[in-house]
Every structure is written in structure tokens, then in C-alpha cells.
Q: 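I have a structure here, written as C-alpha cells, and I will follow up with some questions on it.
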Amino acid sequence: MSRFIIQGGHELSGRVSVSGSKNAALAVLSATILASEPCEIENVPDILDVRVFLMILEHLGARIEFANHKAIVDPRNISSKSVPAKLMSKLRGSILLAGPLLARFGHVSLVKPGGDAIGSRPIDVHLTGFAKLGAVVSENDIIEISGKLKGAKIVLSVTSVTGTENLIMAASLAQGDTEIRMAATEPHVQNLCNFLNAMGAKIEGVGTPTLRVTGQNRLSGAKFRIGSDEIEAITFCAAAAATKSEIEITGVDLDHLDAPLATLERMNVRFTIEPGKLRILKPDKDLSGTKITTGVYPQLLTDEQPLLGVLATQAHGETTIHDWIYEGRQGYLVALQQMGATVILEDKNHAKITGPTPLHGAEIKTPDLRAGASILIAALVARGESVIYNAEIIDRGYERLDERLRDLGADIKRVE
Ligand code: EPU
């Protein structure tokens, strides 16, 4: 088990570049299963979740080369054997194997995926959608899904990100046309659609809640570049704003940051934008509390909430937090309380933070990925030493976050 040891109170400065998106990479790597030729994916973040995902693809028979953020996946020898429960349970993204394996082989069997402990995380939207496409689903300890897929109209009961992605992948090799309504529109879903279209799929309505997929008999290999990670961009924005620092963040996709940047603006965070670049400036007035409400993209993402929540501890007045997406997202707020923040947990989805409060170092075991990043930002602000245990949870979604923050001037070391 690794831990981060942080001495707080250092200003950050310099430049940092944003990695490729974790959630886009997982979806695009899954879609390579549908190809009948090798695929070349660039800007793949070198993070733990990607490494585990590549191991799963290798276990299924794919040939993988991964170096310098480029993954070459040759899926031709993949077979739909069951994925070991131990690997499946390591990450939520493993559910993304279901759609492409089902579409390619007419059968898939898997255990329920693991991932962050942020809520109950059901998969009924995925399974109901597969059934609409004509599959037979039997759900016991092992989920078995089989059948030849036929296009259908699917109205999602909940706008699920991986649910939408699984059904797009399944529909791309189904016979006939599929319409998916109430579809998720997140940048990672758009990345997936653009990659599939590059493989010869026909998906219309990309980036809207109504997707029309014309099923194909075969999809070719393709080259694709993963888009920049919007959640990582906001992580660096929050780290700079909370420590009252000036930094430049490059490799940013500004098209996908409307809601979090509007929240930063309301909180009086000063920043300038240029194509592909964001510069967080030192404050010229106090940070201000605000209302943080998560939603479905293009609204504020649930993954961005803990990063803005930690900033609220340094803002004047009250910040209200309403995150209805997961009922287990408040682990970071409990940690912030331990570090001196004034937080009222009203119920599982609502909280109030009153600031500004000086934070002090503490020893914390991070409960989930975004909580880990949020607690790390609190430790950069805090007086004294903090220790964050379970640093691997942060490594799941951030590439060398400790090193990159150190390059910006943070005092942080990793102990294995
Ligand atoms: N939901 C259902 N039924 C389903 C699926 C989801 O009721 O079958 C509900 C969930 O309980 C939740 C909401 O729908 O309330 C949204 O869940 P969603 O299915 O969209 O989440 P996900 O696809 O499992 C992805 C990201 C998460 C991110 C969420 C929400 C990946 C691999 N994961 O998860 O990312 O929090 O969308 O935006 O894309 C992270 O990056 O740290 C992370 C957890």
C-alpha cells in the first residue's frame, strides 16, 4: 500500500499539462473488441485503471502494446471467455466489456463490476437495454447475456454513462437501426461515438440525448486520439485556487468545462483562457461560497463536485452541495471535517460548508478516487503534515499526480 506525505502551505507555480481522459480511454479501449483489425489509440493516460483494463483485454486474447501513451490493440484473437472475478472487481469500467463481447460473440458472462465505493451503482439500464436488443439476460452471481442482436428503440430509464456506452457498442454491430433516447452526452461518450464512427459505425446525434445507430456487419480498425480529461483539468484548477496560486494548465478542452468554470467564476476564482489553455490567477478578492449542484452533462459532473467542495472550505460564507447521483460521495467531506473544515452533512446527498476555515494536517485513508484528489488539495492548503493512505486509489485515475504537483512546487512524497 502506498501513501502520500504532504507538508501543506506551499504556493504552486508553473505549468502542467492535462492527460487523456480516463473514462474516454476505458470506453474506447472496450470498443476495440468490435474491430476486425488492430486499432491505434493515442493520448491514453498511464493510470492504474487503464493498466488493469489492458490486462483484461489481454486475458481475453487481445495483443497489446502500450508505451508513451499509445496503445495498439489487436483484437482479432479475442474470445468471449469469462473475465476473472478478481480483475472484474477491480474497476467499474469493466462493465464496458459486456456490450462489445455480446455484439461480437452473441454471448458474454461476467460478474458485477467493482470500482469506487460511492454508491450502489446498479446496472439495470445496461441489462434492460441488452434485452431490448433481443438478448436473454440471466442474473445470478454470474450474469449471462446471449442472443443475436437486433436494432430497437431504447429509452433509458436513467441517463447512465456506461449504460449508454454499452448500448451504443452493442447496437453498432446489431442487425438494423437502434435509437437510444435519454442517452448520456458526456465528453467520454462523444469520444466513444467518434471512435466508433472512425471504425465504420454510423452513429448520428453524437453529443445529444438521442442517438441513432445503424448496425454494421463489420467494423474496421482505426486510429484515434483520446480527448483531454476534464476532471483532471478541474483538479488542477481547484488545487491552484485553493492554495491561492497562479498556474498554467495546458492541453485543456475548453468546450467541456462550461459548468465547472461557471462555478469557479461564481466563487471569484480568477482565470484567463486561450485556445487549449487555462491560467488560474492569484485572487484579487476573497473566494465566495456558492451553490454546487451536480447533474447530467453539460451540467456539473458528480466527479467535479468534491474538487469544488474542498475549495469551498476556503471561501467566505456558505456553500450548499447537492449531489443526487451517488449516495456515497460524502467521504471526502468527513475527511475535510477531520482537517478542520466546518461541514454539515444534512443527508446522503446534501451538505453545507461554511468558510473560510484554516485546515490542519491529518492522517486520512481515502475512500474513493475523487475524494482522494480532494483530500490531497486540502493537504496542500493545510498547516502541517498530512498522510493520505491508499494512494493507489488516486493512481487509478490520475497519472503521477504526486510528481506533477511536486513539479508545481508542492511538498509531497510517496512512500511505498
Ligand atoms: N444508474 C441506475 N441504473 C443503472 C446505471 C446507473 O440507476 O443501470 C444510476 C446510478 O445509480 C447513478 C446514475 O445512474 O445515480 C449515474 O450512474 P452512471 O451509470 O452514469 O455511472 P457509471 O457509468 O457507472 C460513469 C463514470 C463515473 C462517473 C459517472 C457519472 C466511467 C467508467 N465511470 O460511471 O466516473 O462518476 O459516470 O458521471 O465512465 C470516476 O471517474 O471517478 C467515476 C466514478
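Start at 1 and go down the list; that is how both ligands and their atoms are numbered.
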Q: Look at ligand 1 and say whether I325 reaches it with a heavy atom at a distance under 4.0 Å.
A: yes
Q: Just go through T164, D49, N23 and tell me whose heavy atom is the nearest to atom 31 (C) of ligand 1.
A: N23
Q: Can you sort out which atoms of ligand 1 are near R370, meaning under 4.0 Å from one of its heavy atoms?
A: 40 (C), 41 (O), 42 (O)
Q: Side chain, backbone, both or neither: which part of Y326 comes within less than 4.0 Å of ligand 1 when only heavy atoms are counted?
A: side chain
Q: Distance under 4.0 Å to a non-hydrogen atom of T302: what atoms of ligand 1 satisfy this?
A: 30 (C), 36 (O), 38 (O)
Q: T294 and D323: side-chain donor and acceptor closer than 3.5 Å?
A: yes
Q: Measuring from atom 5 (C) of ligand 1, which candidate in P122, G397, G372 has the nearest non-hydrogen atom?
A: P122
Q: Please check if the number of heavy atoms outside R218 that lie under 6.0 Å from its CZ is greater than 12.
A: yes
Q: Can a donor-acceptor pair be found between the side chains of T302 and Y326 at a distance below 3.5 Å?
A: no
Q: Run down the list L96, D303, T159, V161 and name the one with the heavy atom closest to atom 28 (C) of ligand 1.
A: D303
Q: S138 and E144: side-chain donor and acceptor closer than 3.5 Å?
A: no
Q: What atoms of ligand 1 come within less than 4.0 Å of a heavy atom belonging to L369?
A: 42 (O)
Q: Is the side chain of T164 donor-acceptor paired with the backbone N or O of A184 at a distance under 3.5 Å, no angle test?
A: yes
Q: Which ligand 1 atoms are under 4.0 Å away from a heavy-atom of R92?
A: 24 (O)
Q: Would you say D229's side chain and E232's backbone share a donor-acceptor pair under 3.5 angstrom?
A: yes
